[in-house]
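Encoded as structure tokens, the structure appears first; notes follow it.
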Amino acid sequence: MVRALGVAVVGFGWMGRVHTQAYARVHHHFPRLTVRPELVTVAEEVPGRAEEAAARYGFAATTRDWREVAADPRVEAVSVTAPNFLHREIGVAMARAGKHLWIEKPVGLTADDARAVADAVAGAGVQGTVGFNYRGAPAVESARELIGSGEIGTVTHVRIRLFSDYAAHPDGALTWRYERERGGSGVLGDLASHGADLARFLLGDITSLTADTAVFLPRRARPAGATAGHTLATGGDLGPVENEDYVNCLLRFASGARGVLEACRVSVGEQNNYGFEVHGTRGAVFWDFRRMNELAVSRGTTYQDQPVSTVYVGPGAGEFGAFQPGAANAMGYDDLKVIEAYRFLRSVAEGRPYGATLADAVRSAAVLDAMSRSAASGTWVGVAPPT
């Protein structure tokens, strides 16, 4: 038996739209899901944006104040896709109001913020899912299984890259993303948070690291009005970019493996160049987000000059079978958010977590905090163990 589940979306920029579309599609791909999302309310403070979302997607109500969502008894689950600096306040309030939570990364600006939301979710007995979408790619889940099975031997080292050009234009508007108080640690929260999660997902806990950061475009023009996405702003007053454009980091894992994590938001010529290379004593596995449904795998017993084969994931990998009938049929980014929606709603239906949790968010945030401390001190620092 399928029951309706009232959902709300708080913050309706691009990510709010992606969450909404995932709710609309989830039953098409996962018909056995026992709850059906019903779009109750969309909250967005920019005038007219919530109304536009309701007209397009069918939300029953709109508001400019997210607190009305917390007080609405029709709402049982909430997507939080507002700017990063609001995640702690909104996440804690929604959990305390008894709402299940699907919240985007980073969960606040620090590990303390993420921990506060995690504690509120645990204290309220609700379910919490975090938007670490890349770990849900079927090829990434296959890579994790391959690594865990020992097919490439003992993992020796990994390189994780997240290069993008979304902030590369010198006329990019000085939005909240570039402010320390509202955007936190810049590219660390935007991209390196995914890298930290992937590192843990694939290889286990990180124990220590050393990091270096830089700001390559130190001044940007202030926007004249409301912005969405990565808007250009020419002719406005210039202001300082307060947080990081770039980070590189050396990692040490509890397993003894070593790693490199590098992320940049101003990489001209790089569009979503995200991926990893994991090397072991008998082989290796490689993944590139831009070829999301493929793995490059080297395994065998020849070691030197050992070939690399391309593997196309198929219905046996992760949730691939919910989208495509056979290997080498492509999936895309929005499909990863449908997988997240499914696992979130399944968590609500069954009362147990599926997918990335608030505990994962806390651990990723602890790595980001350690990166910031290391960059400031110029030394190796320990990563706080999970609690």
With a 4.5 Å heavy-atom cut-off, do [X] and [Y] have their side chains touching?
| X | Y | value |
| --- | --- | --- |
| I152 | I147 | yes |
| T129 | T357 | no |
| T210 | V381 | no |
| D245 | L217 | yes |
| I103 | H87 | yes |
| T62 | T41 | no |
| F253 | V155 | no |
| R177 | R220 | no |

Determine whether the aromatic ring centres of residues [Y] and [X] are separated by less than 6.0 angstrom.
| X | Y | value |
| --- | --- | --- |
| F132 | W102 | no |
| Y274 | F163 | no |
| F289 | Y134 | yes |

Taking [X] first and then [Y], would you say they form a salt bridge - that is, a charged N and a carboxylate O separated by under 4.0 Å?
| X | Y | value |
| --- | --- | --- |
| E270 | R265 | no |
| R135 | D360 | yes |
| D288 | R161 | yes |
| R17 | E52 | no |
| E76 | R3 | yes |
| E242 | R219 | no |
| R64 | E45 | no |
| K337 | E340 | yes |
| R282 | E151 | no |

(request) Among Q324, H29, R25, find the residue that satisfies the side-chain hydrogen bond (donor to acceptor under 3.5 Å, both in side chains) test when tested with D335. (result)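 One option only clears the test, and that one is R25.
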
(message) Is it the case that over 12 heavy atoms from other parts of the model lie below 6.0 angstrom from the CZ atom of R291?
(response)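 It does not: R291 CZ has 12 such atoms or fewer within range.
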
(message) Going by the rule side-chain hydrogen bond (donor to acceptor under 3.5 Å, both in side chains), which residues pair with S79 if we only count those two or more places apart in sequence or in a different chain?
(response) H19, Y23

(message) If I take atom CG from residue L250 and atom NE2 from residue H157, how far apart are they, to the nearest 0.5 angstrom?
(response) 13.0 Å

[Y] reachable from [X] in the ILVMFWY side-chain graph, under 4.5 Å edges:
| X | Y | result |
| --- | --- | --- |
| F85 | V92 | yes |
| V215 | L238 | no |
| V241 | V268 | no |
| V80 | L86 | yes |

Counting distance only, does the side-chain N/O of [X] pair as donor-acceptor with the main-chain N or O of [Y] below 3.5 Å?
| X | Y | value |
| --- | --- | --- |
| E44 | F12 | yes |
| S185 | L109 | no |
| R373 | G382 | yes |
| T156 | H279 | yes |
| K105 | D197 | no |
| S149 | L146 | yes |
| T81 | M15 | no |
| D369 | A111 | yes |
| T20 | G16 | yes |

Short side-chain donor-acceptor distance under 3.5 Å, [Y] and [X]:
| X | Y | result |
| --- | --- | --- |
| Y246 | N248 | yes |
| S298 | Q306 | yes |
| N273 | R290 | yes |
| N243 | E179 | no |
| D190 | Y166 | yes |
| Q127 | Y354 | no |

(message) Could you walk me through whether C264 and V187 satisfy the side chain to side chain contact (heavy atoms under 4.5 Å, CB included) test, starting with their C-alpha distance in whole Å, then the side-chain angles of each, then the deciding distance to 0.1 Å, before giving a yes or no?
(response) CA-CA 6 Å; C264 186; V187 76; 5.5 Å; no

For [X] versus [Y], what's the shortest heavy-atom pair and its separation?
| X | Y | answer |
| --- | --- | --- |
| I206 | A199 | CD1-CB, 4.1 Å |
| V121 | G128 | CG1-N, 4.0 Å |
| A349 | T34 | CB-OG1, 3.4 Å |

(message) Run the side chain to side chain contact (heavy atoms under 4.5 Å, CB included) test on Y333 and N133 for me, step by step, so that the C-alpha distance in whole Å, both residues' side-chain angles and the decisive distance to 0.1 Å come before the verdict.
(response) CA-CA 8 Å; Y333 176 88; N133 44 268; 3.5 Å; yes

(request) Could you go through the side chain to side chain contact (heavy atoms under 4.5 Å, CB included) check for V348 and L5 one step at a time? (result) CA-CA 9 Å; V348 173; L5 182 80; 4.0 Å; yes

(message) Just to verify, which of F286, F201, W287 counts as forming a ring pair (Phe, Tyr, Trp, His ring centres under 6.0 Å) with F276?
(response)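 Among F286, F201, W287, the one that satisfies the ring pair (Phe, Tyr, Trp, His ring centres under 6.0 Å) with F276 is W287.
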
(request) Just do the side chain to side chain contact (heavy atoms under 4.5 Å, CB included) check on V18 and D334 with the steps written out, would you? (result) CA-CA 7 Å; V18 173; D334 283 14; 4.3 Å; yes

(request) Evaluate the ring planes of Y342 and F30, with Trp represented by its six-membered ring, and classify them as parallel (under 30°), tilted (30 to 60°) or perpendicular (over 60°). (result)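 Judged by the thresholds at 30° and 60°, the geometry between Y342 and F30 is parallel.
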
